[in-house]
Amino acid sequence: MSVAIVLFTSDLRLHDHPPLHAALASADEVAPLFVLDDGVEAAGFGAPNRRAFLADCLRDLDSGLRERGGRLIIRQGDVADEVGRLVEETGAGAVHMAAGVSGYAQRREERLRETLGRVGCGLNVHDAVITTLAPGAVVPSGAGRDHFAVFTPYFRRWSEEGLRSPFQAPRTVRVPEGPASAALPTRTGLRGLSPGLAEGGETEGRRLSAAWRRHGLASYEERHDDMAGDATSRLSPHLHFGTLSPAELVHRARAAGGPGADAFVRQVCWRDFHHQVLAAHPAAARSDYRSRQDRWRTGRAAEDETAAWREGRTGYPVIDAAMRQLLHEGWMHNRARLLTASFLTKTLYVDWRAGARHFLELLVDGDIANNQLNWQWVAGTGTDSRPNRVLNPVTQAKRYDPDGAYVRRWVPELAGISGPAVHEPWRLPERERARYDYPEPVVQLSEGLARFKEARGLG
DNA sequence: GAGGCCTTCAC
DNA sequence: TGAAGGCCT
């Protein structure tokens, strides 16, 4: 009786799962394993919102496996140790897993290789599970270039590349009876959860993505920047935990066709783009991809302003609305992410790492590749070719929240102001303004802009 | 085919 | 400003 282990990581699904497919094809029995990784906790990636979502995902994965005659084996500890232990318990001849991208994932793979080498068990690392194309699957033509540093040429090449057909979910999964499992983690007892946190799990992810294809995809191109309309897919947490397959999403969107589908596929490609940058350049998670010689503000004033930013009391309604959405839902509209990140890094001139840390603390889709590199993109230290552009929060608010409905939804103390006037409470007559308990702007935009230009040495 | 130069273009 | 790609040597 041959046994293969499938080590689940950021790929908590049964549909379109190449490691599971390969394991089932090559062994009589499959041991599906998830390790609650002490290393992830130690690295600070175990923020409460994601732990809650993860608990949903694991429960749903276990149910899905049980419906197919199997179960999920949960262990806690060091990944390499736990996999090694399960190999001994089951006599498994191979371990199948998805390729990771971050420095952490790369070290994990090395340690697994060492451990499995000692017990004579093979390790099969599968590409294009977490991303649509593997990092490095397409590279620019020049000699020695290992990744694309500009999105558009990457997108062109990425689009030309053939896509594998998605795998069906297996009908049955035979799991060896012996190995014990730790209890499934639950949401119970987790502190600091966002009250409006989304539900995790592959079942929920597939329900959401089917609804998205029916009702959202076709109008995505016109509506994706409408903050009040909330017409983005909200699939990002499911992509982060792998409860949805990016390859399957692209496949289905292309089948649907049309400008909405094209725009959506482009966004999925951004995800691959950032993963291939990080895979080639793991240090970009912490250090400037392209240094602009910034000397970010530090000290009391900068700390107070950063606290106001985190708590949604900067006095700029659209910024505060977005930051409160983040606190409440553990998620933020993409346009709002750009505005709030520009505000912190350009207007307040505070280090992007402080913002990225706060986002990772709360975002249920918080992902090293996307989060860090998008922050760098906005800060101008990343791959943006216009590193010194500053987004004006008022102009942007009027463009992307033209009626002010997004602000009124998240900043209830301003709900009495109708129309776009809600974006500039400081322009209200003094007596009317006094009715609203809302802070003065933490900084004047003109001051922020001047400080930024000075710091970056711009005329 | 490696490397320099030029044009094009960047959510 | 700098990346990419085409073209030339």
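From a predicted model like this one, the values you see are computed outputs, not experimental measurements.
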Identify the pairs formed between an N or O of the protein and an N or O of nucleotides 5-9 of chain C at a distance under 3.5 Å, and give each distance.
unit_1	atom_1	unit_2	atom_2	d
C:dG5	OP2	A:S141	OG	3.3

Under-3.5 Å N/O pairs linking protein and nucleotides 7-11 of chain B:
unit_1	atom_1	unit_2	atom_2	d
B:dA10	N3	A:S385	OG	3.2
B:dC11	OP2	A:T152	OG1	2.2

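Annotation: side chain to side chain donor-acceptor pair (under 3.5 Å) contacts of A:D262 (sequence neighbours excluded): none. In this structure A:R389 satisfies the salt bridge (Lys or Arg N to Asp or Glu O under 4.0 Å) test together with A:D384, sequence neighbours excluded. By the side chain to side chain donor-acceptor pair (under 3.5 Å) test, A:D11 pairs with A:H17, sequence neighbours left out.
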Side-chain atoms of residues 372-383 of chain A: list all donor-acceptor pairs with protein atoms under 3.5 Å, sequence neighbours left out, distances to 0.1 Å.
unit_1	atom_1	unit_2	atom_2	d
A:Q372	NE2	A:A285	O	2.9
A:N374	ND2	A:N370	O	3.0
A:Q376	OE1	A:Y289	N	2.9
A:Q376	OE1	A:T381	OG1	2.6
A:Q376	NE2	A:A284	O	2.7
A:Q376	NE2	A:S287	O	2.8

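Of all heavy-atom pairs between A:A405 and A:A228, the closest is CB-CB, 3.8 Å.
Of the options A:Y438, A:W309, A:W410, a side-chain hydrogen bond (donor to acceptor under 3.5 Å, both in side chains) to A:D320 is made by A:Y438 and by none of the others.
Ring planes of A:W270 and A:F151: parallel class, angle under 30° (limits at 30 and 60°).
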